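Mind having a look at this structure? Questions to follow.
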There are 2 protein chains.
Amino acid sequence: MVRAMTETGETELVRRWRDVLACYSTVSCALDRALQETHGIGMSEFEVLDRLVDASCDDLRMHDLAGAMYLSQSALSRTVARLERDGLVERCLCAEDRRAIFVKLTAAGRERHTRARSTQRAVLAEHLMAEPARA
Amino acid sequence: MVRAMTETGETELVRRWRDVLACYSTVSCALDRALQETHGIGMSEFEVLDRLVDASCDDLRMHDLAGAMYLSQSALSRTVARLERDGLVERCLCAEDRRAIFVKLTAAGRERHTRARSTQRAVLAEHLMAEPARA
DNA sequence: GGAAGTTACATGCATGTGCATCAGATGTCC
DNA sequence: GGACATCTGATGCACATGCATGTAACTTCC
């Protein structure tokens, strides 16, 4: 699994990590700011909407949503709470398992996502194109 | 600056962003946890120590430190405050410009960094090697 | 020299996050 | 059927962060 580690391999690894760190910091900051200013949602909120749109069924259980995101269960719970407060998703009970909660995109949520996605792509195009492009 | 944007270019960009997000989340989480458990410092604290060691002079002004890090000025101020509380750095006044603060590595700070760095490299080796490796 | 503007750092405050825990529902084993 | 473990999601709490602002020191311009 882990290949042999030369001295140059170590510094190469550190360099890669710094690249990732730089890229993430720049892009996530710009993205968060743009989404917040233009659409009143943060990156985490957008990610949730995005997952819901991607899912063919439009509604997902919290648990499945959590698995698809880089967010703790508690953070997800609060993010969905914010989305619900803003009328972008609904939380529905699940008849089969009354512990589970279905998160369902509303019409407003779908519309907000559509508009936010174009902002996201613009930001990515601006900040991810200019990357060191070590690919 | 921004090149023409094809449909496939857009989804490619989103894919790249998701890769960065996944990589950052996984590694930063593992790194933060490992550093905290083993050495009692977080990622930001380690980054500050790392910058100080990298700088040949061992002490940097807050302002220069801030420029080298992905952290707001206020966050840096508090990070340095934590490092000072733990005896890993000292804050020294600057005679030439009495607004400025020099941040200086202590012996304990240098030692902590040395040990923490090996943890960092182990974590990077474990989590950054196995990456999709799209390079 | 003195007023106005700028710079460097600290701090009050609001917010988002993770951890630990709680409450309710389901599953398991006897 | 009933006790116990497990699972799902919400919540109290501590903490790190960013923004706006405060304080002190430097700079500029008159």
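Order of the sequence lines fixes the chain letters, A, B, ..., with proteins taken first and strands second; residue numbering starts at 1 for each chain. For the numbers below, each heavy atom of this structure counts, side chains included, while hydrogens, waters and symmetry mates do not. Because the structure is predicted, anything quoted here is derived from the model rather than measured.
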Short side-chain N/O contact from B:Ser44 to OP1 or OP2 of D:dT17, under 4.0 Å: yes

No-H, no-angle donor-acceptor pair, A:Ser77 side chain to D:dG9 base, under 3.5 Å: no

Donor-acceptor under 3.5 Å (A:Arg112 side chain, A:His39 main chain): yes

Between C:dC9 (C1') and B:Leu71 (CG): distance, integer Å: 14 Å

Whole angstrom value for the distance that separates P of C:dA25 from CD of A:Glu96: 16 Å

Hydrophobic cluster identity match, A:Leu65 and A:Ile101, side-chain contacts under 4.5 Å: yes

Pair B:Arg82-B:Thr79, side-chain donor/acceptor within less than 3.5 Å: yes

Value in whole Å for how far the P atom of C:dT15 lies from CG of A:Asp86: 13 Å

Phosphate OP1/OP2 of D:dT17: any B:Arg82 side-chain N/O under 4.0 Å: yes

Interatomic spacing from NE2 in A:His127 to CG in A:Leu31 - rounded to 0.5 Å: 9.5 Å

Residue met sooner reading DNA chain C from 5', once A:Ala95 and A:Ala75 are mapped to nucleotides: A:Ala75

Interatomic distance where CG belongs to B:Asp97 and C1' belongs to C:dT7 [whole Å]: 8 Å

Under 3.5 Å donor-acceptor pair, A:Ser72 side-chain atoms to C:dC19 base atoms: no

Atom-pair distance (CE on B:Met62; P on C:dT11), nearest Å: 11 Å

Phosphate-side-chain proximity, B:Arg33 and C:dG18, N/O vs OP1/OP2 below 4.0 Å: no

D:dA10 base / A:Gln73 side chain donor-acceptor hit below 3.5 Å: yes

Short side-chain N/O contact to C:dC13 OP1/OP2 from B:Ser74, under 4.0 Å: no

Length of the CZ-C1' vector between B:Phe102 and C:dC9, whole Å: 14 Å

Nearest-0.5 Å distance, CZ of residue B:Arg51 to CE of residue B:Met69: 6.0 Å

Donor/acceptor link under 3.5 angstrom from B:Arg99 side chain onto base of C:dC9: no

d(CG, B:Asp64; P, C:dT7) in whole Å: 15 Å

Presence of donor-acceptor pair under 3.5 Å, side chain of B:Arg78 and base of D:dG18: yes

Atom-pair distance (CG on B:Leu65; P on C:dA8), nearest Å: 14 Å

